[in-house]
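Below, chains carry the letters A, B, ... as their sequence lines are ordered, and counting in each starts from 1. None of the values given here were measured: they were computed from a predicted structure.
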There are 2 protein chains.
Amino acid sequence: MAMSLKQKPVFTGSNTCEIRPMEVYKDHGKVLVAVDCIIFGFDSKALKLLLFKRKVAPLKGHWSLIGAFINNELSLHKAAEKILFETTGLNNIFLEELQTYSKVDRDPGARVISVAFYSLIRLNELDLESVEKYDAHWFDFDQIPPLILDHGQMVQDAILKLRTKAIYNPVVFELLPHEFTIPQLQLIYECIHQKKLDNRNFRKKILAFNFLVKSDKKDKSGSKKGAFLYKFDKEKFKLFVAKGHRFEL
Amino acid sequence: MAMSLKQKPVFTGSNTCEIRPMEVYKDHGKVLVAVDCIIFGFDSKALKLLLFKRKVAPLKGHWSLIGAFINNELSLHKAAEKILFETTGLNNIFLEELQTYSKVDRDPGARVISVAFYSLIRLNELDLESVEKYDAHWFDFDQIPPLILDHGQMVQDAILKLRTKAIYNPVVFELLPHEFTIPQLQLIYECIHQKKLDNRNFRKKILAFNFLVKSDKKDKSGSKKGAFLYKFDKEKFKLFVAKGHRFEL
DNA sequence: GCAAAAGTGTTATCGCTACACCCATGT
DNA sequence: ACATGGGTGTAGCGATAACACTTTTGC
């Protein structure tokens with residue numbers, strides 16, 4: 001064996017590399033693995049989180065993240081994609097692994113290791129039928145109800161991750177419609193960083209990056225005057241990065 | 001059931017929350033879970049990676065990360081800590097989850113999901129006996145040999161993570177002795193970012209943060225003149241962050 | 001006509017970059 | 001005495017932050 005540890009039998013078996021028939025594997029850490037999804041959205045006023053109400057006992061009526069056990073047919077990422085598709089009707093959305101949750105007693109029913117993923121979706125593209133079928137509801141960040149197990153912790157971690165990620169990555173565009181206004185964009189950043197920004201400086205800075213493309217259409221939903229619509233140009237952003245620049249906001 | 005999906009049996013069971021006796025859980029994604037550790041060090045010249053040579057068939061003689069299957073007694077983080085302690089003799093070291101690796105066929109022997117952790121250690125504190133016992137060797141970043149399974153990918157991902165993390169987090173101090181010189185510190189950043197830095201500007205910037213504490217001792221290992229030793233003051237750093245400042249280098 | 005949000009420029013300050021020489025010491 | 005790496009200051013430039021008024025339009 002590559003590893004012959006002296007202590008508990010935990011690691012006595014082998015390291016991961018052991019390539020052997022199933023008999024060798026079977027004594028080791030066989031556990032259940034689940035995927036849980038933290039789903040973020042933005043409704044032009046506030047950042048929201050999609051939560052699900054359990055319809056059956058036990059814990060009927062409690063709020064939780066959506067999730068599922070995984071089997072042998074899909075990678076974790078694919079499994080998360082599938083869950084998201086089924087609950088939101090959306091494909092090709094921003095989806096990234098957050099981290100694992102593996103406290104031994106986190107699920108009283110069994111040893112379950114859960115891998116949390118967080119995703120950013122465009123509320124305007126959401127399939128309402130799918131959402132209703134799962135008895136899901138959107139919650140403001142500051143009004144998140146108690147969640148089962150360690151889902152509350154997952155949500156806190158995901159929010160923190162989103163905050164820090166948004167500083168150096170233009171992920172917020174995943175939360176906005178493909179066409180959006182500068183004031184909308186600014187509002188997202190204000191929600192995420194929880195402070196007011198100067199609108200003149202914000203405009204200047206974001207437009208100086210040169211990856212926003214102005215259209216000649218206006219969105220009048222936010223004001224009487226109406227605001228011009230812009231698109232985020234991914235290619236221009238990649239070029240920007242390729243030139244050695246760093247995005248930061 | 002909270003989820004009643006129509007497709008494959010993958011998710012038909014339940015979401016993670018299901019709290020039930022083992023019978024309910026047993027049909028679902030039972031897989032093996034392993035932990036693999038990417039161990040970084042710095043030898044005052046270059047960034048290094050600790051790799052392990054398999055002593056037994058199959059794949060005898062091949063290089064791999066150190067890892068182990070997990071059982072029901074430890075969280076993944078604790079499991080990784082244990083592996084690190086056994087192979088390096090070190091406790092309380094920087095250890096952070098990288099990500100999961102879960103491609104269905106990544107390990108031909110069984111369905112194994114691996115959770116990679118990366119750690120930063122101080123080479124001067126390393127227990128050489130432990131390391132030798134495991135037939136481990138340090139490799140330069142640009143001389144990493146082929147690794148088994150997807151360990152090569154893990155290493156690449158870890159290096160990238162370390163690079164991006166080091167820009168906004170003072171993690172490099174985890175790689176240096178508790179007392180170090182400014183030139184040593186600069187060298188680490190040069191290794192990580194792979195470019196030369198101006199020593200006057202570097203000094204100015206890092207000292208301006210005000211969380212390095214100068215001692216009156218000199219380290220003469222690097223030059224005849226000798227360079228003053230500094231300490232990283234974690235408390236001062238926390239204060240710096242608490243005041244709303246951002247570290248960036 | 002007024003309320004409500006969109007849009008626009010300038011100035012002062014700060015931080016970053018670029019750059020070259022003297023210092024201390026071991027050999 | 002010389003080779004080696006350690007340590008220091010300044011000036012110009014570019015980026016950021018602070019700040020207030022005009023425009024458009026639905027009601």
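- Across the protein-nucleic acid pair, D219(B) atom CG and dT25(C) atom C1' stand 14 Å apart, rounded to whole Å.
- When distances run from any side-chain atom of R200(B) to the nucleotides dA20(C), dC19(D), dA17(D), the shortest one goes to dA20(C).
- Among the nucleotides dA6(C), dT25(D), dC16(C), the one closest to any side-chain atom of K205(B) is dC16(C).
- In this structure, the CZ atom of F202(B) is 17 Å from the C1' atom of dG15(C), given to the nearest Å.
- Between the CD1 atom of I206(B) and the P atom of dG7(D) there is a distance of 14 Å, rounded to whole Å.
- For the pair R246(A) CZ and dC16(C) P, the interatomic distance rounds to 11 Å; values are reported in whole Å.
- Checked by distance alone, N201(A) brings a side-chain donor or acceptor within 3.5 Å of a matching partner on the base of dA18(D).
- When rounded to the nearest whole Å, the span between NZ of K196(B) and C1' of dT17(C) equals 17 Å.
- When the C1' atom of dG5(D) is taken as reference, atom CG of N199(B) falls 10 Å away, rounded to whole Å.
- Residue pairs satisfying the side-chain hydrogen bond (donor to acceptor under 3.5 Å, both in side chains) criterion with at least one member in residues 222-233 of chain A, sequence neighbours excluded, are absent.
- Listed nucleotides dA18(D), dG7(D), dG6(D) differ in distance to S223(B); the shortest reach to its side chain belongs to dG6(D).
- Nearer the 5' end of DNA chain D, as judged by each residue's closest nucleotide, is the contact made by D198(A), out of D198(A) and K220(A).
- A straight line from NZ of K218(B) to P of dC23(C) spans 13 Å, rounded to a whole angstrom.
- Which of dG26(C), dG7(D), dA20(D) sits closest to the side chain of K224(B) comes down to dG26(C).
- Going from atom CG of N210(A) over to atom P of dA15(D) covers 13 Å, rounded to whole Å.
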Under 3.5 Å, side-chain donor or acceptor atoms of residues 234-248 of chain B against the rest of the protein: list the pairs with distances, not counting sequence neighbours.
unit_1, atom_1, unit_2, atom_2, d
H245(B), ND1, F240(B), O, 3.4
R246(B), NH1, E248(A), OE2, 2.8
E248(B), OE2, R246(A), NH1, 2.7

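- OP1 or OP2 of dG7(C) sits under 4.0 Å from a side-chain N or O of R203(A).
- Note on E190(B) versus K196(B): salt bridge recorded, some NZ/NE/NH1/NH2 to OD/OE distance being below 4.0 Å.
- No salt bridge links K53(B) with D135(B); every basic N to acidic carboxylate O contact stays at or beyond 4.0 Å.
- Look at D150(A) and K103(A) and you find no salt bridge, because none of the NZ, NE, NH1 or NH2 atoms lies under 4.0 Å from a carboxylate O.
- Closest to the side chain of K225(A), out of dG9(C), dG7(D), dA6(C), is dA6(C).
- The side chain of K204(A) places no N or O atom within less than 4.0 Å of a non-bridging phosphate oxygen (OP1 or OP2) of dG9(C).
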